[in-house]
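Values reported hereafter were calculated over all heavy atoms of this structure, with side chains retained and with hydrogens, waters and symmetry mates removed. Each ligand, and each atom within it, is numbered from 1 in the order the structure gives.
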Amino acid sequence: MAGKPLRVLACGDVEGKFDMLFNRVQAVQKKSGEFDLLLCVGNFFGSTPEAEWEEYRTCAKKAPVPTYVLGANNPETVHYFPDVNGCELAENITYLGRKGIFSGTSGLQIAYLSGTESLSEPAPAYSFSSKDVSELKMSLLSTPKFKGVDILLTSPWPRGVGNFGNKPGEMDTKRCGSVLISNLATSLKPRYHFAALEKTHYERLPYRNHVVLQENAQHVSRFIALANVGNTSKKKYLYAFSILPMRSMDPAELVKQPQDVTENPYRKSGKEAHQPKRLSGAEEEPACQFFFDLSKQHGKKRPSDGKGGQHSQLKQPKKIHQPTGPCWFCLSSPEVEKHLVVSIGTHCYLALAKGGLSNDHVLILPIGHYQSVVELSSEAMEEIDKYKSALKKFFRSKGKRYVLFERNYRSQHLQLQVIPVPLNCCATEDIKESFILQAQEQEIELLEIPEHSDIKQIAQPGTPYFYVELDTGEKLFHRIKKKFPLQFGREVLASEAILNVPGRADWQQCTASRDEAEATAKAFREDFQPFDFSELQ
Ligand SMILES: [Zn+2]
């Protein structure tokens, strides 16, 4: 699978100092061997006389490495780029074009966008508009199994790139840089993103492209801003690295997370990102219709003759018991946080929640890769029930009752979240009411379903849903139609009406060191042992 990695150089604003750049490149090559590519972002041409360029243009001098450059960022240098689709500017020096994808024979994918952000449409020749960004995104995102690009080249910085990361010197990334480029980087998930124009060097800590605990691990992105060639303060303007195209990489190798990985700087947090869309009247179903539907679907197969064919094709449940990438919850996977595991049964296990709402917030999870309870075998379901009753007894002995919820939506591996609530804090009716009221505020229809009803009979495999279950067996169910706020269950439980720990609604705010988490898990394990049937087997 593995090929030979490519040796690449990236450079900040050249501003017409071609001799200085190419002499430096030659010196680097002499010292550490040949490079395959030189990629230039920012201003390649300066606004001053062009005597130096003439020598390259007329082939009196030649770039020592195949060099690829972005287009103009100002009206003064537009004339150097005769063809908007890209062209050769001099021997070994190629203008990539206004926007597009450049793939070498190696399979390395380089996405590029020339110019600075413009609000007007069409954008001037030295700018890009939101339409350019959408077109570039579409051309890539429409390719099947799109995972990301190897390299993204832009001249401006993306707005907000410093969020959650190391400080970029005096730069205020909340104000400078382009919002459209942040948006582009979010979609294209480049492994390396280079930018310039700010006359400074900044290497951001790598950031992740997936949501932890909600999505499978993906590769990380590195943003590197480079200074201008020959700057007097000796800021770095040339960056050397080796890269193996992602398409020829081992998937597990590709998604390896470095120690210093941070949250995605462009991801909107909490409510802003999960604002549910208002459901139109037509999409709402009256409760009776809902239950009618359930009984109709229960246990029956749609006819698979010619006439019913269309329906059965649409409703074909997807059964995937193999994770498509590394999974944080498959007990056999190297990604699983073993120090949080508190009990292991035959089909399921119990783990402390990472960033839980409280120190005794636990998860019941299947050992194998199952997406929801709907997919589980009856043996696994029985074991889940055993865990539930063990936890009920355990928490009752502590003066608490548990609230359990499952969100089968944008999750890969089944997690039953079990959160204990002090008995004297609120009655079951209050808990149900809080869920229903807070659901209403977000236009979510949460319906009480009969106590002993089985989720398997209500939801077909592959149907997204959310339900809350009290330790008395009472259940509230919502069939997810379009969108669902991912943190809903946590938000309700953290609210004033129940646990009153609003600061813990977002699990990522609940940071504990590995040592602390390990100690908490150990204490829980010892405490829970008398109730743990798995230990008795
Ligand atoms: Zn899994």
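Residues passing the salt bridge (charged side-chain N to carboxylate O under 4.0 Å, His left out) test with Asp454: none are found, sequence neighbours excluded. Checked against salt bridge (charged side-chain N to carboxylate O under 4.0 Å, His left out), Arg208 has the following partners two or more places apart in sequence or in another chain: Glu263.
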In residues 413-428, what donor-acceptor pairs under 3.5 Å come from side-chain atoms, sequence neighbours left out?
| unit_1 | atom_1 | unit_2 | atom_2 | d |
| --- | --- | --- | --- | --- |
| His413 | ND1 | His369 | ND1 | 3.3 |
| His413 | NE2 | Pro366 | O | 2.9 |
| His413 | NE2 | Gly368 | O | 3.3 |
| Gln415 | OE1 | Gln417 | NE2 | 3.4 |
| Gln415 | NE2 | His413 | O | 3.2 |
| Gln417 | OE1 | His361 | NE2 | 2.7 |

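Checking Asn264 against Thr186 by side-chain atom types alone, no donor-acceptor pair falls below 3.5 Å.
Nearby protein atoms of type N, O or S around the Zn ion (ligand 1) amount to 4 (distance under 2.8 Å).
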**Asked** What do the steps show when you test Tyr387 against Ser343 for side-chain hydrogen bond (donor to acceptor under 3.5 Å, both in side chains), and what is the final call?
**Response** CA-CA 10 Å; Tyr387 268 123; Ser343 165; 2.7 Å; yes
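Of the charged side-chain nitrogens involved, none lies within less than 4.0 Å of a carboxylate oxygen, so that Glu382 and Lys386 do not count as a salt-bridged pair.
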